[in-house]
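In what follows, a structure is listed as structure tokens, so that the remarks can point back to it.
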Amino acid sequence: MLEIASHVFSHLSSTYGYMLVHAVFNAFHVRKTSPPNAPTLRGVFCTIILAYGGGILTNFILARPQTLFFNPVAIPIYSLGYLLIENANGLYSFLLKNEDHLSWLFQLIDAMNRGAALPQFLFGFRNLQAKQFYGRDSIVGQFLLGTLSITGGGLTYVWIFRNNPYSHPGWSLYISMLVVLVVISLLDANENQSKALGDMIVYLGQQLGLPTIFSVQELKLISFILLWTGFMFRPRDPAPIVVEEQKRQRRKSRKRMQSRGRSSTRPE
């Protein structure tokens with residue numbers, strides 16, 4: 001059953017229809033958090049960065065080819081996603097009006113995208129060799145690059161394009177970090193590497209009668225389930241508009257206090 005479900009998930013997450021839906025949701029987030037009258041080219045670029053930024057950063061760090069440019073449909077589909085949000089009559093308004101009701105779907109699409117990407121990246125990185133070491137030998141490298149591979153797009157967008165450097169990225173980052181550790185441990189268990197968490201997962205699986213050896217497709221499904229569960233039950237992050245309004249109010253309050261201080265010290 002797990003094998004069948006994992007194959008269905010892998011096929012679904014790579015279809016053009018799924019990519020377009022993911023592109024529209026990314027474009028919706030970009031437009032909602034962009035300055036008024038932002039140029040269309042900025043919106044298209046940010047939509048692509050939000051979707052593929054993690055892969056772009058990790059490929060750059062590892063000096064690997066940028067797979068985005070080898071995919072003949074990725075850039076056209078994500079460009080189309082933003083153009084639909086900007087120009088399709090009523091689409092942006094509909095999503096904005098029903099955002100609370102569609103939040104589960106937003107989380108589902110986000111978890112599918114990250115869940116499909118994470119095991120694929122880790123499996124490839126663990127087999128890379130530098131001098132006498134393999135990627136699987138470094139838990140730090142796997143953890144940092146694995147986390148970056150599924151969060152780098154969001155971090156790049158928030159810290160650079162929204163001009164909030166090193167601001168709190170939200171609970172999605174911490175959930176993703178936890179899932180990265182679990183997937184690394186499952187890969188260690190697959191390869192019989194003696195690591196504490198991997199050994200514990202093997203032991204628990206044996207006691208519960210659960211499988212402890214998983215294919216990459218099965219790990220994609222497991223990653224998706226863990227991420228979606230975490231996203232659905234995470235504490236709600238403040239909306240970007242609310243955060244910006246709070247910052248403006250604090251700045252106004254400081255200015256009022258400073259002006260009062262100057263007026264109180266002014267000689268009569």
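Along the sequence shown, residues are numbered consecutively beginning with 1.
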Mind checking whether [X] and [Y] have side chains closer than 4.5 Å, heavy atoms only?
{"X": "Met19", "Y": "Tyr16", "answer": "yes"}
{"X": "Thr40", "Y": "Asn87", "answer": "no"}
{"X": "Ile56", "Y": "Thr67", "answer": "no"}
{"X": "Ile49", "Y": "Phe161", "answer": "yes"}
{"X": "Tyr134", "Y": "Leu128", "answer": "no"}

Could you state whether [X] and [Y] fall into the same hydrophobic cluster, counting links through intermediate Ile, Leu, Val, Met, Phe, Trp or Tyr residues with side-chain heavy atoms under 4.5 angstrom apart?
{"X": "Leu83", "Y": "Leu96", "answer": "no"}
{"X": "Leu41", "Y": "Leu68", "answer": "no"}
{"X": "Met177", "Y": "Val140", "answer": "yes"}
{"X": "Val73", "Y": "Tyr82", "answer": "yes"}
{"X": "Tyr157", "Y": "Phe60", "answer": "no"}

Residues in ring pair (Phe, Tyr, Trp, His ring centres under 6.0 Å) with [X], at least two apart?
{"X": "Tyr52", "result": "Tyr78"}
{"X": "Tyr174", "result": "His168, Trp171"}
{"X": "Tyr92", "result": "Phe28"}

Shortest non-hydrogen contact from [X] toward [Y]:
{"X": "Val30", "Y": "Cys46", "value": "CG1-CB, 3.8 Å"}
{"X": "Val158", "Y": "Arg162", "value": "O-CB, 3.5 Å"}
{"X": "Leu181", "Y": "Ser185", "value": "O-OG, 2.9 Å"}
{"X": "Ser176", "Y": "Ile150", "value": "CB-CD1, 3.7 Å"}
{"X": "Ser79", "Y": "Val44", "value": "OG-CG1, 3.4 Å"}

For the backbone of [Y] and the side chain of [X], can you confirm whether one donor and one acceptor N or O come within less than 3.5 Å of each other?
{"X": "Glu218", "Y": "Ser215", "answer": "yes"}
{"X": "Asp137", "Y": "Phe133", "answer": "no"}
{"X": "Gln129", "Y": "Lys131", "answer": "yes"}
{"X": "Ser149", "Y": "Gly146", "answer": "yes"}
{"X": "Ser138", "Y": "Gly135", "answer": "no"}

- Task: Mind running side chain to side chain contact (heavy atoms under 4.5 Å, CB included) on Phe231 and Leu108 for me, showing each step along the way?
- Result: CA-CA 8 Å; Phe231 291 166; Leu108 175 71; over 6 Å; no
Please round to the nearest 0.5 Å and tell me the distance separating atom [atom1] of [X] and atom [atom2] of [Y].
{"X": "Thr47", "Y": "Ile85", "atom1": "OG1", "atom2": "CD1", "result": "8.5 Å"}
{"X": "Arg31", "Y": "Asn26", "atom1": "CZ", "atom2": "CG", "result": "15.5 Å"}
{"X": "Leu20", "Y": "Phe25", "atom1": "CG", "atom2": "CZ", "result": "10.0 Å"}
{"X": "Trp104", "Y": "Met232", "atom1": "CH2", "atom2": "CE", "result": "8.5 Å"}
{"X": "Met112", "Y": "His22", "atom1": "CE", "atom2": "NE2", "result": "9.5 Å"}
{"X": "Ile175", "Y": "Gln107", "atom1": "CD1", "atom2": "CD", "result": "8.5 Å"}

- Residues that Leu155 engages under side chain to side chain contact (heavy atoms under 4.5 Å, CB included), provided they are two or more places apart: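 Counting only residues at least two positions away or on another chain, Leu155 forms a side chain to side chain contact (heavy atoms under 4.5 Å, CB included) with Thr151, Trp159, Pro169.
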Near [X] [atom1], under 6.0 Å, is it more than 12 heavy atoms from other residues, nucleotides or ligands?
{"X": "Phe45", "atom1": "CZ", "result": "no"}
{"X": "Phe123", "atom1": "CZ", "result": "no"}
{"X": "Asn89", "atom1": "CG", "result": "no"}

- Is a side-chain donor-acceptor pair under 3.5 Å present for Gln142 with Arg126?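 The answer is yes; a qualifying pair exists.
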- Message: When you compare the side chains of Ser34 and Arg42, does any donor N or O come within less than 3.5 Å of an acceptor on the partner?
- Response: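 Indeed, the side chains of Ser34 and Arg42 share at least one donor-acceptor pair under 3.5 Å.
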- Can you list the steps and then say if Leu91 with Val24 is a side chain to side chain contact (heavy atoms under 4.5 Å, CB included)? CA-CA 9 Å; Leu91 179 57; Val24 167; 4.3 Å; yes
Hey, can you pull the donor-acceptor pairs under 3.5 Å for the side chains in residues 219-228, sequence neighbours left out?
{"unit_1": "Lys220", "atom_1": "NZ", "unit_2": "Gln120", "atom_2": "OE1", "d": "3.0"}
{"unit_1": "Ser223", "atom_1": "OG", "unit_2": "Leu219", "atom_2": "O", "d": "2.8"}

- Item | Matching residue for Ile184 among Asp188, Leu186, Val182 - test: side-chain contact (heavy atoms from CB on, under 4.5 Å) |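 Among Asp188, Leu186, Val182, the one meeting side-chain contact (heavy atoms from CB on, under 4.5 Å) with Ile184 is Asp188.
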- Message: Evaluate Phe121 against Val183 for side chain to side chain contact (heavy atoms under 4.5 Å, CB included), listing each step before the verdict.
- Response: CA-CA 11 Å; Phe121 169 78; Val183 174; over 6 Å; no
- Which pairs with one or both residues in residues 111-121 pass salt bridge (charged side-chain N to carboxylate O under 4.0 Å, His left out), sequence neighbours excluded?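 Sorted pair list: Asp110-Arg114.
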